[in-house]
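See structure below.
As the structure is a prediction and not an experimental result, all values here were calculated from the model. Excluded from the calculations below are hydrogen atoms, water molecules and symmetry mates; all remaining heavy atoms, backbone and side chain alike, are included.
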Amino acid sequence: MDSDGTRDARGTHANPVPRPAGPQDTGAAPTEASAVPTGASAAPGGTFAVPPRPTAPPTVPPLPDGAAFLGWLRTPRPEAAPGVWRFGYRARPTEEPEAIPARQLLSGALIAFLVGWLLWSLLWNGYLGGWWVVPLELFTPDSWRHSDDAVGNAVLWYGYYALIALAIALVVGRLGRWGEVWRRYGPPAWNPATPAAERPPAPEQDPAEFVYLRQAGAHEAADRLAGEARGGLMRDVDHARIARAWQGVQSGRHGMAAFCAAVVKDGAAACLHPSGERDLPARHARHDLVTGQVRLGTTADDPRNPYHYRGTGLALGPDLLGTSLLAVGPAGSGKTGSLVRPLAESLCLHALAGRASVVVVGAAGAGLGPADAYDVVVRIAHPESVYDLDLYGGTTDPDEAAAILAEALVGDLADPHPGSDSRRSTTVLAQLLGPFRAVHGRFPSVPELRQLLDGAAGPLAALRKGLSVTGHESLLRELDARERQMGHPGDVGAVLADRIALLDRPAFAGFFDTSGQTRPFSLKALDHPVRVRIDLPERGHADASRILARLVLAQFTASVTVRDDRSLFACLLLDDATGVVTPEAVRGIQRLRSANAGVALTLRTLDDVPRPLRGPLLGAAGCRMAFAGLTPWDGQDFAEVWGKEWTETRDVTDRQIIAETPAGKALHVVRRVITGKAPTARAVTVRQVERERWSASELAHGVPAGHAVLSLTTVKGEHAPPLLVDLRSGGRA
């Protein structure tokens with residue numbers, strides 16, 4: 001145990017994040033962000049020493065000026081449909097207004113003008129009589145109309161004429177839609193008006209005044225934060241982190257006095273993340289930490305998209321990632337750069353704000369962000385890696401460790417049909433892990449486990465002798481059962497030995513150590529806001545990489561579902577989940593929504609998933625994304641899961657008109673000469689039919705490059721239909 005009561009890097013919830021100097025020693029409130037346990041390194045004599053403190057402050061982007069921060073904070077963020085970028089969003093009508101063709105609009109306006117001109121000409125020249133001046137004669141005195149004042153008479157009569165002309169213009173203008181012509185082709189269309197500057201909100205509604213603190217009586221803390229916000233000393237991460245710390249005060253996990261004291265002393269730098277960082281070294285996407293969203297692109301102005309989505313920003317946040325996400329697209333379609341990288345960046349910002357913990361898994365060099373953006377970088381098979389990966393997930397229970405390891409080693413070999421499991425593999429591993437831990441006080445390393453699974457006489461005899469000395473009779477029976485099964489045909493121990501041999505290679509010699517000589521990272525640390533990147537060895541070790549990816553996914557689903565504090569969002573981003581989807585993995589993903597956790601998986605094709613698991617996987621993921629270049633057979637699976645909808649179709653039929661009179665026939669001859677076509681009458685039939693939202697052919701051939709089709713589901717159950725999204729716009733406004 002460390003001095004702060006947490007376990008070290010070899011404990012059950014290790015988190016090797018060094019505690020920085022300064023912020024944690026200033027009496028800051030113990031928020032979720034400051035609750036991350038520190039890492040420890042082995043010191044002589046078996047004790048554990050805290051790693052050295054940083055010698056320089058972290059490198060962060062420059063602070064924005066106060067006006068820019070206040071403008072960002074005061075920008076309205078109205079409630080919107082799932083996936084809409086809410087920052088500065090202006091709601092659109094649900095239904096698309098009727099669009100009048102330009103030719104019809106201009107001709108109607110011209111005809112209305114001619115009709116109005118004709119009516120005024122007929123009135124002015126007396127062809128329609130003098131009834132239209134009767135109201136003037138009835139409601140004005142005779143002395144006004146017959147006075148000797150020529151100027152007064154002219155003003156009276158011509159004013160009345162102008163009033164009548166204006167009434168005619170209003171009527172014909174409304175009939176001819178002159179207002180629509182003005183908006184579409186007039187000066188408003190030449191120079192779009194810039195939105196008027198909004199008035200500053202009232203002090204009791206101004207978010208920059210930290211009203212929630214003032215209402216709780218923390219006026220001094222609110223004044224300090226408001227002053228730093230106006231002075232440009234606060235970032236969006238600071239604002240989110242302090243709001244998160246205040247949630248801990250409201251829930252009773254932390255004391256209000258300690259929180260207020262830390263804020264008054266440190267201002268916007270209070271309640272820092274244990275890394276001491278207040279921002280990422282660089283940002284490539286556009287983020288809004290008030291709503292928790294990251295902008296991925298723009299919803300295309302396409303008839304297949306609902307009208308109120310067209311042209312709006314498309315963003316994701318924890319409320320959507322909490323239902324998990326599955327993205328499928330060929331290599332080069334933008335899965336990593338357009339999806340995984342922005343999501344990783346967003347979740348790292350959330351972690352700095354104390355809101356989330358994130359694990360990003362991908363091949364080395366995949367472009368998942370710089371190492372400076374993470375607290376822990378596990379570079380498996382790289383000799384310079386500072387951190388190791390705990391093969392057993394930080395657990396001390398042999399049965400739990402056996403279940404996780406069996407899923408990683410042979411989970412892809414289990415029968416993918418519903419109801420199947422890998423209990424035989426779990427039992428075999430438990431028969432060895434339990435006795436070994438009882439004798440040695442730890443789990444076996446990779447070479448030791450391989451020898452035990454191979455049935456080597458020396459290690460098994462030594463293990464039996466150790467159990468006899470310590471008096472573990474029940475574990476001796478487990479070992480006896482394992483030795484009896486080794487000689488039987490169909491023993492899964494041989495398969496497990498072959499799979500564990502993939503990790504017993506020279507490249508992995510310094511990894512998966514269980515003797516306490518390295519700094520293993522365990523996913524048990526995800527009950528703290530930690531940022532983790534795991535680089536898998538892709539070149540030359542593809543099978544081992546798939547085993548490690550399954551191991552991380554199994555440890556993630558096992559760890560996050562047993563957390564005590566589920567207010568912290570946990571997310572696993574797995575770039576290229578080929579060979580990772582197993583029956584147990586699908587069941588684990590289905591349990592994540594209730595644990596405030598989610599996963600994001602990317603695949604090149606659904607063929608990388610066994611056929612019986614494709615439907616359950618698409619059903620377990622609340623958000624589904626199909627990139628451009630999808631194959632038709634992959635598109636068929638998406639088309640089935642997205643279902644059908646009722647649409648209105650119009651069938652137009654042209655019927656030739658037969659003239660019966662000589663005049664009609666002559667007219668038809670003239671019309672045929674002018675148009676070159678026979679006179680026809682058009683019949684329109686309107687029907688309601690049920691059609692696929694997106695067909696397999698449209699997904700395969702109708703999605704432009706740089707686009708994707710995305711359906712969304714929130715943790716509250718709100719749905720968004722499949723949307724065509726332009727990912728090339730990225731984080732632009």
(request) Determine yes or no for a side-chain-to-main-chain donor-acceptor pair under 3.5 angstrom, with His350 supplying the side chain and Gly292 the backbone. (result) yes

(request) Output yes when a side-chain donor or acceptor of Glu345 lies under 3.5 Å from a complementary backbone atom of Ala285, and no otherwise. (result) yes

(request) Rounded to the nearest 0.5 Å, what's the gap from CZ on Arg693 to CD on Glu698? Could you check? (result) 13.0 Å

(message) Please enumerate all residues that pass side chain to side chain contact (heavy atoms under 4.5 Å, CB included) together with Glu384, with sequence neighbours excluded.
(response) His382

(message) Looking at Arg591 and Thr561, would you say the former's side chain and the latter's main chain have a donor-acceptor pair under 3.5 Å?
(response) no

(request) Indicate yes or no for a side-chain donor-acceptor contact from Ser522 to the backbone of Gly393 under 3.5 Å, with no hydrogens or angles considered. (result) yes

(request) Take Val581 and Asp608, measure what side-chain contact (heavy atoms from CB on, under 4.5 Å) needs, and give me the verdict at the end. (result) CA-CA 8 Å; Val581 179; Asp608 293 332; over 6 Å; no

(request) For residues Leu460 and Leu452, determine if any side-chain heavy atom of one lies less than 4.5 Å from a side-chain heavy atom of the other. (result) yes

(request) Decide yes or no for Leu391 and Leu503: does some side-chain heavy atom of the first lie under 4.5 Å from some side-chain heavy atom of the second? (result) yes

(message) Working to the nearest 0.5 angstrom, can you tell me the gap between Arg341 CZ and Leu368 CG?
(response) 8.0 Å

(request) Decide, yes or no, whether a salt bridge links Arg546 with Asp412 under the criterion of side-chain N to carboxylate O below 4.0 Å. (result) no

(message) Around atom CZ of Arg442, are there more than 12 heavy atoms from other residues, nucleotides or ligands closer than 6.0 Å?
(response) yes

(request) Without swapping roles, check the side chain of Asp397 against the backbone of Asp399 for a donor-acceptor pair under 3.5 Å. (result) yes

(request) State plainly whether the residues Arg624 and Asp637 are in salt-bridge range, i.e. N to O under 4.0 Å. (result) no

(message) What's the separation between atom CG in Leu343 and atom OG1 in Thr336, rounded to the nearest 0.5 Å?
(response) 11.0 Å

(request) Mind listing the closest non-hydrogen atom pair of Gln555 and Ile404 along with its distance? (result) CG-CG2, 3.6 Å

(request) Sorted by first residue and then second, give each side-chain hydrogen bond (donor to acceptor under 3.5 Å, both in side chains) pair with at least one member in residues 317-326; sequence neighbours left out. (result) none

(request) Looking only at non-hydrogen atoms, find the nearest pair between Lys335 and Ala327 and report the distance. (result) CD-O, 4.3 Å

(message) Restricting to non-hydrogen atoms, name the atom on Arg563 and the atom on Asn596 that form the minimum distance, rounded to 0.1 Å.
(response) NH2-O, 3.4 Å

(request) Report yes if the side chains of Leu325 and Leu316 come closer than 4.5 Å at any heavy-atom pair, otherwise no. (result) yes

Exercise answer: donor-acceptor pairs, residues 356-365 side-chain atoms, under 3.5 Å, sequence neighbours excluded:
residue : atom : partner : partner atom : Å
Ser357  : OG   : Leu526  : O            : 3.1

(message) Within the 4.5 Å heavy-atom criterion, are Leu553 and Glu584 side-chain neighbours or not?
(response) no

(message) Once rounded to the nearest 0.5 Å, what's the spacing between atom CZ of Arg437 and atom OG1 of Thr514?
(response) 10.0 Å

(request) Would you check if Val428 and Leu453 make a side-chain contact, meaning some heavy-atom pair closer than 4.5 Å? (result) yes

(request) Quick one: which residue pairs count as a ring-ring contact (aromatic ring centres under 6.0 Å, His included) with a foot in residues 534-555, not counting sequence neighbours? (result) Phe508-His541

(request) Measure from the side-chain N and O atoms of His719 to the backbone N and O of Gly717, and report whether any donor-acceptor pair falls under 3.5 Å. (result) yes

(request) Just do the side chain to side chain donor-acceptor pair (under 3.5 Å) check on Arg244 and Ser567 with the steps written out, would you? (result) CA-CA 10 Å; Arg244 168 68 177 174; Ser567 63; 3.1 Å; yes

(request) Identify the two heavy atoms, one from Asp388 and one from Gly510, that lie closest to each other, and give their separation to 0.1 Å. (result) OD2-O, 4.2 Å

(message) If the condition is ring-ring contact (aromatic ring centres under 6.0 Å, His included), which residues does His707 pass it with, not counting sequence neighbours?
(response) none

(message) What I'd like to find out is whether the side chain of Val560 reaches to under 4.5 Å of the side chain of Leu592, using heavy atoms alone.
(response) yes

(message) Quick check: do Pro721 and Trp642 have side-chain heavy atoms less than 4.5 Å from each other?
(response) no

(message) Main chain of Ser594, side chain of Arg566: is a donor-acceptor contact present, judged purely on distance under 3.5 Å?
(response) yes

(request) Enter the distance from Leu429:CG to Phe436:CZ here, rounded to the nearest 0.5 Å. (result) 13.5 Å

(message) Could you tell me if the side chain of Leu347 sits less than 4.5 Å from the side chain of Phe569, heavy atoms only?
(response) yes

(request) Decide ring pair (Phe, Tyr, Trp, His ring centres under 6.0 Å) for Tyr387 and Phe521; before the verdict, give the C-alpha distance in whole Å, the side-chain angles of both, and the deciding distance to 0.1 Å. (result) CA-CA 7 Å; Tyr387 299 101; Phe521 173 77; 7.9 Å; no

(request) Inspect the contact between Arg499 and Asp543 and indicate whether a charged nitrogen and a carboxylate oxygen are less than 4.0 angstrom apart. (result) no

(message) Tell me the closest heavy-atom pair linking Gly337 and Pro342, and the distance in Å.
(response) O-CD, 3.4 Å

(message) Rounded to the nearest 0.5 Å, what separates atom CG in Leu573 from atom CG in Leu321?
(response) 7.5 Å

(request) For Val439, enumerate each residue passing the side chain to side chain contact (heavy atoms under 4.5 Å, CB included) test, keeping only those at least two apart in sequence or located in another chain. (result) Leu463, Leu467

(request) Carefully, step by step, assess Ser445 and Glu448 under the rule side chain to side chain donor-acceptor pair (under 3.5 Å). (result) CA-CA 5 Å; Ser445 63; Glu448 292 170 336; 3.2 Å; yes

(message) Strictly distance-based, threshold 3.5 Å: is any side-chain N or O of His528 a donor or acceptor partner for the main-chain N or O of Val530?
(response) no

(message) Looking at Arg587 and Glu407, is any side-chain nitrogen of the basic one under 4.0 Å from a carboxylate oxygen of the acidic one?
(response) no

(message) Within 45 degrees of the ring normal and closer than 6.0 Å to the centroid, is that where the cationic atom of Arg531 sits relative to Tyr374?
(response) no

(message) Using every non-hydrogen atom in the two residues, find where Pro583 and Gly411 come nearest and quote the distance to one decimal.
(response) CD-O, 4.1 Å

(request) Determine, stepwise, if the pair Leu603 / Asp634 fulfils side-chain contact (heavy atoms from CB on, under 4.5 Å). (result) CA-CA 11 Å; Leu603 291 168; Asp634 283 348; over 6 Å; no

(message) Evaluate Val552 against Leu572 for side-chain contact (heavy atoms from CB on, under 4.5 Å), listing each step before the verdict.
(response) CA-CA 9 Å; Val552 173; Leu572 171 66; 4.0 Å; yes

(message) Could you go through Leu432 and Leu479, starting from their C-alpha distance and side-chain angles, then the distance that decides it, and tell me whether this counts as side-chain contact (heavy atoms from CB on, under 4.5 Å)?
(response) CA-CA 7 Å; Leu432 297 174; Leu479 194 60; 4.1 Å; yes

(message) Between the side chains of Asp491 and Arg482, is the shortest nitrogen-to-carboxylate-oxygen separation below 4.0 Å, so that they form an ion pair?
(response) yes

(request) Give the intermediate values and the outcome of side chain to side chain donor-acceptor pair (under 3.5 Å) for residues Thr578 and Asp576. (result) CA-CA 6 Å; Thr578 302; Asp576 190 5; 2.5 Å; yes

(message) Determine whether a donor-acceptor pair (N or O, by modelled atom type, separation under 3.5 Å) exists between the side chain of Arg614 and the backbone of Val609.
(response) yes

